[in-house]
Amino acid sequence: QVQLVESGGGLVQAGGSLRLSCAASGTIFSVDSFDWYRRPPGKQRELVAGISSGGSTNYADSVKGRFTISRDSAKNTVYLQMNSLKPEDTADYYCSADLPTVDGVINYWGQGTQVLVSS
């Protein structure tokens, strides 16, 4: 049984910072890639950032230069440092991970953490 647990969300003023964490636990050999998604109120889910097992990263244009994704492979944990937050960053943020198994790669999701950015 694998679980992803996000933490670090909350209420912050525009211009402020938050750091999200997502820890994978359970029977894990390794994590291929981690991704952060978000779902703003009334909108569709969107990819925010991703990081591969080798450390390659990618970002949505809307967060480039403000957000930084990183990982601690020894802890099976991914982080999202969010700086210069804007009201439009308000959303539920979800962590996703691709884990290799004997049955192939399986994708897991966390339960989400809420980020509210006030103007």
Side-chain angles (χ1 to χ4, degrees):
Q1 188 79 3
V2 174
Q3 284 190 317
L4 300 182
V5 179
E6 299 103 331
S7 61
L11 173 64
V12 64
Q13 287 190 327
S17 298
L18 283 174
R19 189 193 195 207
L20 305 184
S21 299
C22 171
S25 63
T27 305
I28 299 171
F29 296 103
S30 66
V31 178
D32 281 350
S33 62
F34 281 107
D35 295 296
W36 283 101
Y37 287 81
R38 67 185 181 188
R39 181 182 284 120
K43 296 184 179 180
Q44 300 227 354
R45 186 180 66 195
E46 59 185 12
L47 177 65
V48 177
I51 186 166
S52 70
S53 57
S56 297
T57 59
N58 61 279
Y59 297 93
D61 288 342
S62 59
V63 306
K64 281 181 182 176
R66 299 188 299 121
F67 290 11
T68 301
I69 189 171
S70 61
R71 64 188 289 169
D72 184 335
S73 295
K75 296 181 179 179
N76 292 321
T77 299
V78 64
Y79 306 96
L80 186 67
Q81 178 66 44
M82 305 186 295
N83 299 328
S84 303
L85 282 162
K86 304 175 181 180
E88 52 263 42
D89 294 317
T90 293
D92 291 324
Y93 283 73
Y94 298 88
C95 169
S96 170
D98 286 336
L99 276 65
T101 73
V102 293
D103 298 318
V105 176
I106 298 180
N107 180 246
Y108 292 90
W109 288 82
Q111 82 289 348
T113 185
Q114 190 175 54
V115 172
L116 293 172
V117 183
S118 64
S119 56

Exercise. Between Cys22 and Tyr93, does a side chain to side chain contact (heavy atoms under 4.5 Å, CB included) hold up when you go through it step by step?
Worked result: CA-CA 10 Å; Cys22 171; Tyr93 283 73; over 6 Å; no
Does [X] share a hydrophobic cluster with [Y], counting links as ILVMFWY side-chain heavy atoms below 4.5 Å and allowing steps through other members?
| X | Y | value |
| --- | --- | --- |
| Leu11 | Val117 | no |
| Trp36 | Leu116 | no |
| Val63 | Ile69 | yes |
| Tyr94 | Tyr59 | no |

Exercise. With a 4.0 Å cut-off, would you call Asp89 and Lys86 a salt bridge?
Worked result: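 No salt bridge links Asp89 with Lys86.
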Closer than 3.5 angstrom, by distance alone: can the side chain of [X] be matched with the main-chain N or O of [Y] as a donor-acceptor pair?
| X | Y | answer |
| --- | --- | --- |
| Tyr79 | Thr68 | no |
| Gln111 | Val5 | no |
| Thr57 | Ile51 | no |
| Ser52 | Gly55 | yes |

Is any side-chain heavy atom of [Y] closer than 4.5 Å to one of [X]?
| X | Y | value |
| --- | --- | --- |
| Arg71 | Val31 | yes |
| Ser17 | Gln81 | yes |
| Ser62 | Arg38 | yes |
| Leu85 | Phe67 | yes |
| Asn58 | Leu47 | yes |
| Val115 | Leu20 | yes |

Closest approach of [X] and [Y], non-hydrogen atoms and distance?
| X | Y | result |
| --- | --- | --- |
| Pro41 | Ala91 | CD-CA, 4.4 Å |
| Cys95 | Leu4 | O-CD1, 3.8 Å |
| Gly112 | Glu6 | N-OE1, 2.9 Å |

For this session: Kindly determine whether Ser96 and Phe34 satisfy side chain to side chain contact (heavy atoms under 4.5 Å, CB included), including the steps that lead there.
Result: CA-CA 6 Å; Ser96 170; Phe34 281 107; over 6 Å; no
For this session: Starting from the C-alpha separation in whole Å, work towards a yes-or-no answer on side chain to side chain donor-acceptor pair (under 3.5 Å) for Asp32 and Ser53.
Result: CA-CA 5 Å; Asp32 281 350; Ser53 57; 5.2 Å; no
Exercise. Under 6.0 Å from the CD atom of Gln3, do we count more than 12 heavy atoms belonging to anything else shown?
Worked result: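 Result for CD/Gln3: open.
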For this session: Take atom CD of Gln13 as the centre, draw a 6.0 Å sphere, and report whether it contains more than 12 heavy atoms from other residues, nucleotides or ligands.
Result: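 Counting neighbours around CD of Gln13, 12 or fewer heavy atoms of other residues, nucleotides or ligands fall under 6.0 Å, so no.
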Problem set entry | Pairwise distance CD(Gln1) to OH(Tyr108) - rounded to 0.5 angstrom |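 Answer rounded to 0.5 Å: 7.5 Å.
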